[in-house]
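One structure is given below, encoded as structure tokens.
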Amino acid sequence: MKKSREIILADKAGFCFGVKRAINTAFKAAAGGKVYCLGPLIHNPQEVDRLRREGVETVDDLKTLKPGDSLIIRSHGVPPSVLRQAHDKDLTIIDLTCPFVGKAQRFAERLQIEGYRIVVVGEKKHPEVQSIIGYAGEDAIVVETPADLEGMKAQRRLGVVAQTTQSYSNFSEIVLELLRLSKELKVYNTICNSTTERQNATRSLAGRVDIMFVVGGRNSANTTRLVSLCREEGKPTYHIEVADEIRQEWLQGASKIGVTAGASTPDWVIEGVLKRLREGHTSKQPVR
Ligand code: SF4
């Protein structure tokens, strides 16, 4: 007799407000003619392919664009220098910077004006962090983990903002260290609620199941963070982008399977994974 399996989707999973807004606006804009997006609109290769088919083309820089072309600024935002470049080229700007990222940019700008040296807690190469740094002044620093602060000299005034997808635990550990390293510390907690909700729902689900699937782009920071959280809970965890990657041997002995997804994972991809797990047809091919 076939053993029954319970498949449970996390209470909060998939597109957040900022990504939903960006995707809907991009599709609408492309209905009126081709539009260009500086960098992939979201960190999900399957959705970026769908956008391309509908007329949203990804470009790496502004060099090839002509006056009048429509340029999407994605939810991660861009530094002010890029906005100036786009204006100088007479591009039509569709600014889809998430309002929560915009807030972090404004706090960084304000702290700089007030004379603080700015610390951005986040991933150095992430486009959102690059966009915030653009508002933070030349002496701003990016800190990923408390270890990055080793050897840092004490500062008179430090101002802190976070990449919106940071975990509270990492942010608070760094802030605690910075307290030791500064005479005056001003902190803006710019972590986004959607991120916290997804992380909490994932952690709670991981505690109740045998194995976890995290669905989303391998290039998505918030998705890979969900993978780390599940592993911190001690759960066997598989990071997949699409249903075809699921392998039979992963499911051996698992009666409760948890599924969660990053803020940039579209519903149709999540549905595909749930369907495949319910039907029990899996790939026998090795995964990347
Ligand atoms: S995770 Fe939060 S800050 Fe980032 S795009 Fe979504 S709503 Fe905006």
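Residue numbers run from 1 in the order of the sequence given. All figures in this text were calculated on a predicted structure; none of them were measured in a lab.
In the displayed structure, Asp61 atom CG is contacted under 6.0 Å by more than 12 heavy atoms of other residues, nucleotides or ligands. With a 6.0 Å radius and a threshold of 12 heavy atoms from other residues, nucleotides or ligands, Lys235 has its NZ atom above the threshold. With a 6.0 Å radius and a threshold of 12 heavy atoms from other residues, nucleotides or ligands, Lys28 has its NZ atom at or below the threshold.
Contact detail for Ala104 and Ile132: the closest heavy-atom pair is CB-CD1, 3.8 Å. Taking every heavy atom of both residues into account, Ile118 and Ala136 meet most closely at CD1-O, 3.3 Å. Closest approach of Pro40 to Val48, counting heavy atoms only: CB-CG2, 4.0 Å. In terms of heavy atoms, Asn44 sits closest to Gly217 at ND2-N, 3.8 Å. The two atoms that bring Ala22 and Leu96 nearest to each other are O-CD1, 3.5 Å, heavy atoms only. Shown here for His43 and Arg74, the closest heavy-atom pair between the two residues is NE2-NH1, 4.2 Å.
Side-chain contact between Val161 and Tyr135 is absent, with no heavy atoms from C-beta onward closer than 4.5 Å. Taking the side chain as every heavy atom from C-beta outward, Asp11 and Leu205 never approach each other to under 4.5 Å. Between Met212 and Glu233, the closest side-chain pair of non-hydrogen atoms is not below 4.5 Å. In this structure, the side chains of Asn170 and Pro146 come closer than 4.5 Å at one or more pairs of heavy atoms. A 4.5 Å side-chain heavy-atom check between Met152 and Leu158 finds at least one atom pair inside the cut-off. Side-chain contact between Val187 and Phe171 is present, with at least one heavy-atom pair separated by less than 4.5 Å. At least one side-chain heavy atom of Pro99 sits under 4.5 Å from a side-chain heavy atom of Arg21. The shortest side-chain heavy-atom distance between Glu47 and Trp268 falls under the 4.5 Å cut-off.
Salt bridge present: Asp244 and Arg276 bring a charged side-chain N and a carboxylate O closer than 4.0 Å. Note on Lys275 versus Glu279: salt bridge recorded, some NZ/NE/NH1/NH2 to OD/OE distance being below 4.0 Å. Look at Arg247 and Glu249 and you find a salt bridge, because one of the NZ, NE, NH1 or NH2 atoms lies within 4.0 Å of a carboxylate O, short of that distance. Salt bridge Arg106/Glu109: absent, no basic N to carboxylate O contact under 4.0 Å.
A distance-only check finds no donor-acceptor pair linking the side chain of Thr223 to the backbone of Asn219 [under 3.5 Å]. Between the side chain of Arg117 and the backbone N or O of Gln155, no donor-acceptor pair lies under 3.5 Å. The backbone N or O of Lys63 sits less than 3.5 Å from a side-chain atom of Lys89, completing a donor-acceptor pair.
No hydrogens or angles considered: a donor-acceptor pair under 3.5 Å links the side chains of Tyr116 and Glu184. In this structure, a donor-acceptor pair under 3.5 Å is present between the side chains of Ser255 and Asp210. Side-chain atoms of Gln199 and Ser167 form no donor-acceptor pair, as typed in the model, at a separation below 3.5 Å. One side chain, Ser131 or Gln105, offers a donor N or O that lies under 3.5 Å from an acceptor on the other.
Using a 4.5 Å cut-off between side-chain heavy atoms of Ile, Leu, Val, Met, Phe, Trp and Tyr, with links allowed through other members, Ile270 and Leu251 fall into the same hydrophobic cluster. Under the 4.5 Å side-chain heavy-atom criterion for ILVMFWY residues, no single connected hydrophobic cluster contains both Val101 and Val19. In the hydrophobic clustering of this structure, Ile141 does not group with Val120; members are Ile, Leu, Val, Met, Phe, Trp, Tyr whose side-chain heavy atoms approach within less than 4.5 Å, directly or through other members.
To the nearest 0.5 Å, atom CZ of residue Arg218 and atom CD of residue Glu241 are 4.5 Å apart. Atom CD in Glu144 sits 8.5 Å away from atom CD in Gln166 (nearest 0.5 Å). The distance from atom OG1 of Thr260 to atom CZ of Arg203, rounded to the nearest 0.5 Å, is 11.5 Å. The structure places CG of Asn222 at 7.0 Å from OG1 of Thr265, a figure rounded to the nearest 0.5 Å. With rounding to the nearest 0.5 angstrom, the CD atom of Glu177 is 10.5 Å from the OG atom of Ser182. Thr164 contributes atom OG1, which lies 7.5 Å from atom NE2 of His126 (distance to the nearest 0.5 angstrom).
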Residues Asp49, Arg52; criterion side chain to side chain contact (heavy atoms under 4.5 Å, CB included); working and verdict: CA-CA 5 Å; Asp49 271 351; Arg52 187 175 47 237; 2.5 Å; yes

Please test Lys186 against Arg110 for side chain to side chain contact (heavy atoms under 4.5 Å, CB included), starting from the C-alpha separation and ending with a verdict. CA-CA 11 Å; Lys186 193 163 181 178; Arg110 188 191 298 172; 5.8 Å; no

Could you go through the side chain to side chain contact (heavy atoms under 4.5 Å, CB included) check for Leu9 and Ile7 one step at a time? CA-CA 7 Å; Leu9 178 65; Ile7 318 290; over 6 Å; no

Could you go through Lys256 and Arg208, starting from their C-alpha distance and side-chain angles, then the distance that decides it, and tell me whether this counts as side chain to side chain contact (heavy atoms under 4.5 Å, CB included)? CA-CA 8 Å; Lys256 274 190 180 178; Arg208 293 186 278 129; 5.6 Å; no

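Using cut-offs of 30° and 60° for the angle between ring planes, the Trp250 and Phe213 rings count as tilted.
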